[in-house]
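Lettering of chains follows the sequences in order, A, B, ..., and the numbering in each one begins at 1.
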2 protein chains.
Amino acid sequence: MPVTPPASAASLTPAQPRRRRKDARPAELLAAALEVFSVHGYAAARMEDIARGAGVSKGTVFLYYESKEALFRAVIEAAVLPHLDAGEALLRDDAPADRLMRELFEGTQRVLLDPLLSAIPRLVDAEAGNFPEVAAYYHEHVTRRVHALFGAVYARGLREGCFRAADVGVLCQLALAPLLYAGNWRRLPGVWEEACFDPETYCRTHVDMFMRGLSCAPEKQG
Amino acid sequence: MPVTPPASAASLTPAQPRRRRKDARPAELLAAALEVFSVHGYAAARMEDIARGAGVSKGTVFLYYESKEALFRAVIEAAVLPHLDAGEALLRDDAPADRLMRELFEGTQRVLLDPLLSAIPRLVDAEAGNFPEVAAYYHEHVTRRVHALFGAVYARGLREGCFRAADVGVLCQLALAPLLYAGNWRRLPGVWEEACFDPETYCRTHVDMFMRGLSCAPEKQG
DNA sequence: TCAGAAAATGACCAACGGGTCATTATTGGC
DNA sequence: GCCAATAATGACCCGTTGGTCATTTTCTGA
């Protein structure tokens, strides 16, 4: 594999003397790990680089996470679960369903256009063959929750009579796929720039087309 | 990484005596490599497994491809380019644009729902951080061609007055993303089955919604 | 101030896997 | 049949890297 310079530390003033910071380490390690994993993938990520990124030595990483795989799992959980909680909070809002759906899109897009966070599904997917249990966990605790969230909003729209009937699973995938993919393209140097459309236009077009396809009301466009 | 049994050979009758088959080797190696790469990703794929999958010893692989990276590139080219040729042949058909667009979808879907072929974009993407030149090549020779193909059909539809105006790059991505993602989900055991919708419904729904969103004509649904 | 607890280090180990090459097996021409 | 020519082998080499642990440094509180 081509040599790549080690991941530049997130918050590393050089020659920092060693410090005991038991509480701060886990979060710093998770952040550094996500950065390295997102660039190199799981297998090609070096624990040495992750450690350097967090400003510690390699040995220290293993004081907090018992193995590379354990670190990988922890990264996924820490990066994803808070956003799911935030998403589910939306359901307590009793706005009309189409408005709720657009808010759901907006939140999802905020998460998935982040180049670090968008790496998570890509990583899980890429390693599904090597870590079937991680993929199963992800499906169980993330995908399922996302679908439930989307499904709840969709069901509300059906009751209100503003959405047309369709397979909710299919719709959910169709809603998410373009956002998941956008995250990937953004990080490729040259690709996104050449296509030269901004994320805003892309997401807005997607949401508009999707909502138009979903809607029962006769269309009125501007 | 968890131990996984070696890739079962595609066409390996056991204890096959060694044979000199200079012409057949490359294709067999490419097929075996794609299979192993698609399951394990690039970094975790072992040349030993690829060799076994093709019914040869590890050393033989290096007689045909000078390195793992060269094999990786060859796999990508061999898997993708023929389908691009086929796609571009569509343009010689002078059917109306919306019909052409649906044919384009159909061809794309045939390719991307294949669990092996759908691995290609995922692999390129996952390794973009480690092999920027491969990613650049892919973008240059694959993505660009796909966009040109889609763009040609779309432009025809604009001229015929049956498509509404929008950013062609955005539209192309939106058209492809759900198909690219479908390929990923299919290979995850349990995930696809639980969602229990078949690829047909998924793709048909996507195409219908997309075409409805793209169309200028007043909608008529059944 | 100092002693003991515990956080951090980095030299070290062992396994793994990409890549090599001297050797062996196969084949086609004569 | 026999003999180059060459396809194929697999034991071997060695750089890389996940993971360990004896040692060093930092911190706390008495």
Taking atom [atom2] of [N] as reference, at what distance in whole Å does atom [atom1] of [X] sit?
| X | N | atom1 | atom2 | value |
| --- | --- | --- | --- | --- |
| A:L63 | D:dT23 | CG | C1' | 14 Å |
| B:L71 | C:dG17 | CG | P | 16 Å |
| A:E48 | D:dG15 | CD | P | 18 Å |
| B:H40 | C:dG18 | NE2 | C1' | 17 Å |
| B:D49 | C:dC16 | CG | P | 13 Å |
| A:M47 | C:dT9 | CE | C1' | 15 Å |
| A:D23 | C:dA7 | CG | C1' | 12 Å |
| A:F62 | C:dC13 | CZ | P | 17 Å |

Report yes if at least one side-chain N or O of [X] is closer than 4.0 Å to OP1 or OP2 of [N]; otherwise report no.
| X | N | answer |
| --- | --- | --- |
| B:S57 | D:dT9 | yes |
| A:Y64 | C:dA8 | yes |
| A:K58 | C:dG10 | no |

Would you say B:H206's side chain and B:A175's backbone share a donor-acceptor pair under 3.5 angstrom?
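Looks like yes, one N/O pair under 3.5 Å.
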Looking only at atom types and distance, does a side-chain atom of A:K68 sit under 3.5 Å from a main-chain N or O of A:A45, one as donor and one as acceptor?
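Yes, because the side chain of A:K68 sits within donor-acceptor range (under 3.5 Å) of the backbone of A:A45.
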Reading nucleotides 23-29 of chain C 5' to 3', which nucleotides get B (base under 4.0 Å from a protein heavy atom), which S (sugar-phosphate only), which -?
-BSBB--
Pair B:E48-B:R52, salt bridge (Lys or Arg N to Asp or Glu O under 4.0 Å): steps then yes or no:
CA-CA 6 Å; B:E48 179 73 45; B:R52 230 182 277 287; 2.9 Å; yes
Ring pair (Phe, Tyr, Trp, His ring centres under 6.0 Å) with A:F131: which of A:Y137, A:Y42, A:Y138?
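Only one option passes, and that is A:Y42.
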Looking at residues at least two apart in the chain, or sitting in another chain, which of them share a side chain to side chain contact (heavy atoms under 4.5 Å, CB included) with A:V153?
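If we apply the side chain to side chain contact (heavy atoms under 4.5 Å, CB included) test to A:V153, skipping adjacent residues, the hits are A:L91, A:L100, A:M101, A:L104.
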I'd like to check the side chain to side chain donor-acceptor pair (under 3.5 Å) partners of A:R18; sequence neighbours left out, ordered by chain and number.
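Listed in chain order: nothing, the list is empty.
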Scan A:A45 against the nucleic acid and name what it touches under 4.0 Å (heavy atoms): base, sugar-phosphate only, or nothing.
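Since only primed, P, OP1 and OP2 atoms lie under 4.0 Å of A:A45, the category is sugar-phosphate.
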Count the heavy atoms of every other residue, nucleotide or ligand shown that sit under 6.0 Å from CD of A:E66, and state whether that count exceeds 12.
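No, CD of A:E66 has 12 or fewer neighbouring heavy atoms, counting only those of other groups under 6.0 Å.
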